[in-house]
K.L.:
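First the structure, then my questions, so here it is.
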Protein chains: 2
Amino acid sequence: MSASDPRKNSKRPDVHLEVGRRFAKHKQRYSNKRRAIVSLLETADKPLTITEILRRSKNTKGRRDEIAQSSLYRNLSVLEDVGAIQRVASTDDLSRYELTEDILGHHHHMLCSSCGEMRDVKIPHHLEAELNATFKRLAKKSGFKLAQHRLDLIGRCKNC
Amino acid sequence: MSASDPRKNSKRPDVHLEVGRRFAKHKQRYSNKRRAIVSLLETADKPLTITEILRRSKNTKGRRDEIAQSSLYRNLSVLEDVGAIQRVASTDDLSRYELTEDILGHHHHMLCSSCGEMRDVKIPHHLEAELNATFKRLAKKSGFKLAQHRLDLIGRCKNC
DNA sequence: GTTCGTGCAAATACTTTGCACGTAT
DNA sequence: ATACGTGCAAAGTATTTGCACGAAC
């Protein structure tokens, strides 16, 4: 399923190396726990909730990657500050996180209005280009400093 | 500012009449408090947070439109159930509400990653059409029942 | 040894719920 | 009279913070 799983297909340099660079730039330490979080997000094919990250950190076959909830929150905040991850909103009120677009590659989400699940999707390049051009114009008109856009499909997933 | 304030410009039938119809259809009462909430959302040129709705309900020059917090939450839930309003997510974790798209008209948001503020914007019809076509195809491929899409500009607003 | 990371428990913020009373049908 | 709406206060969740201890520089 190449279309529905864009993360696995995109070539990208070593994520830890890149994240490590960003930690260095911000004079922060790239600890093992932080590495573990990044690994989880890298492996997932969708943004993860706090609960999902906690659960997965415990299932990492007995390693010392288990993370306390408070540390997780704190680390997510730091990871966001150094530009390694970003928070994405679904239809429910659970926070979800994914690697930033410049690491993961630009993509969009298909999200279920019933259970809140998100899946990654990509759209054709020419559409992206057209969107960007339009947005740039709109932003300029409003004195808005455009950083990125988000575009999601909302509906019901197979399981709901 | 016609481009940055799409709600004021679009002609639409009386909102209370339409919302009233939806309440009737669901055999629910369209009480004064509920009317007051709808009026606030109709007047705003952006989605409102709980706090904003509460504050504004108190500023309605001495009228009995003041709403208790618990009632507000309950009413927002009912309003959502009858299809009058919808919850929209920004970059912070505050819930925001606006009238549903079929009442308010399809539009998008420009949202500030710093303060969470959202403003309404519209994009050209042909772009919308192209997006819809692409999405329909993507959804079909994944067994996903597409209901709507959301497309937002993210950046920094004039004030931040 | 000083600075930063971690875990636990307590505190806070946002949202939901139970219950008694008021309002509309 | 009955069903539904409202407000208050209590309960539930999600998230943040204080503090003591441990690890990294």
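By convention in this document, chain letters (A, B, ...) are assigned in the order of the sequence lines, proteins followed by strands, and residues within each chain are numbered from 1. Any value given below was found using the heavy atoms of this structure, including those in side chains, with hydrogens, waters and symmetry copies removed.
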K.L.:
Could you state the atom-to-atom distance from CG of B:Asp92 to P of C:dC14 in whole Å?
P.N.:
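For the pair B:Asp92 CG and C:dC14 P, the rounded distance is 10 Å.
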K.L.:
Does C:dT16 have OP1 or OP2 sitting under 4.0 Å from an N or O in the side chain of B:Tyr73?
P.N.:
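Indeed not, no polar side-chain atom of B:Tyr73 lies that close.
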K.L.:
Should B:Ser31 be listed as having a side-chain N or O under 4.0 Å from OP1 or OP2 of D:dT6?
P.N.:
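Result: yes.
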K.L.:
One thing to verify: whether B:Arg55 and B:Glu52 come together as a salt bridge, which I'm taking to mean a side-chain N less than 4.0 angstrom from a carboxylate O.
P.N.:
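The answer is no: the pair does not qualify as a salt bridge.
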K.L.:
Calculate the interatomic distance between B:Leu94 atom CG and C:dT15 atom P; express it in whole Å.
P.N.:
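Distance, rounded to whole Å: 7 Å.
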K.L.:
Give a yes/no answer on whether the side chain of B:Ser70 brings an N or O atom under 4.0 Å of OP1 or OP2 in C:dT16.
P.N.:
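Checking C:dT16 against B:Ser70, no side-chain N or O comes under 4.0 Å of OP1 or OP2.
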K.L.:
Taking atom P of D:dG5 as reference, at what distance in whole Å does atom CD1 of B:Ile37 sit?
P.N.:
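From B:Ile37 CD1 to D:dG5 P: 12 Å.
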K.L.:
State whether A:Glu98 and A:Arg96 are salt-bridged, where the test is any N-O pair (Lys NZ or Arg NE/NH1/NH2 against Asp/Glu carboxylate O) under 4.0 Å.
P.N.:
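No, this pair does not count.
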K.L.:
When you measure from the side-chain N and O atoms of B:Ser71 to the phosphate of D:dG7, is any distance below 4.0 Å, counting only OP1 and OP2?
P.N.:
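Checking D:dG7 against B:Ser71, a side-chain N or O does come within under 4.0 Å of OP1 or OP2.
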K.L.:
Ignoring hydrogens and angles, does a donor from either the side chain of B:Arg35 or the base of D:dG5 sit under 3.5 Å from an acceptor on the other?
P.N.:
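By the distance-only test, no, there is no pair.
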K.L.:
Rounded to whole Å, please give me the gap between OH in B:Tyr30 and C1' in D:dC4.
P.N.:
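So the two atoms are 17 Å apart, to the nearest Å.
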K.L.:
So what does A:Arg34 touch, heavy atoms closer than 4.0 Å: a base, only the sugar-phosphate, or nothing?
P.N.:
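Contact class for A:Arg34: sugar-phosphate only.
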K.L.:
Report yes or no: do A:Leu76 and A:Phe23 belong to one cluster of Ile/Leu/Val/Met/Phe/Trp/Tyr joined by side chain heavy-atom distances under 4.5 Å?
P.N.:
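The answer is yes; both residues are in one hydrophobic cluster.
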K.L.:
Please figure out whether B:Lys27 or B:Ile67 has its closest DNA chain D nucleotide nearer the 5' end.
P.N.:
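Its nucleotide being nearer the 5' end, the pick is B:Lys27.
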K.L.:
Atom OH of B:Tyr97 and atom P of C:dT15: how far apart are they, to the nearest Å?
P.N.:
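In whole Å, C:dT15 P and B:Tyr97 OH are 7 Å from each other.
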K.L.:
Rounded to the nearest angstrom, tell me the gap between atom CD in B:Glu80 and atom P in C:dT15.
P.N.:
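In whole Å, C:dT15 P and B:Glu80 CD are 12 Å from each other.
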K.L.:
Does B:Asn75 place a side-chain N or O at less than 4.0 Å from the phosphate oxygens OP1/OP2 of D:dT6?
P.N.:
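Yes, because at least one side-chain N or O of B:Asn75 sits under 4.0 Å from OP1 or OP2 of D:dT6.
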K.L.:
Atom CG of B:Asn32 to atom P of D:dG5: distance rounded to whole Å?
P.N.:
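From B:Asn32 CG to D:dG5 P: 12 Å.
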K.L.:
Ring-plane angle category for A:His149 and A:Phe135, please: parallel below 30°, perpendicular beyond 60°, tilted otherwise.
P.N.:
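Perpendicular, since the angle between the ring planes exceeds 60°.
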K.L.:
May I ask you to say whether A:Arg87 pairs ionically with A:Glu80, meaning some side-chain N is under 4.0 Å from a carboxylate O?
P.N.:
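The answer is no: the pair does not qualify as a salt bridge.
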K.L.:
Does A:Arg29 get its side chain close enough to the base of C:dT3, under 3.5 Å, for a donor-acceptor pair?
P.N.:
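Checked by distance alone, the answer is yes.
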K.L.:
Send over the distance from A:Arg74 CZ to C:dC8 P, rounded to a whole Å.
P.N.:
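To the nearest whole Å, that distance equals 12 Å.
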K.L.:
Please classify the nucleic acid contact of B:Ser77 as base, sugar-phosphate, or nothing, using heavy-atom distances under 4.0 Å.
P.N.:
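If one applies the 4.0 Å heavy-atom cut-off, B:Ser77 turns out to touch nothing in the nucleic acid.
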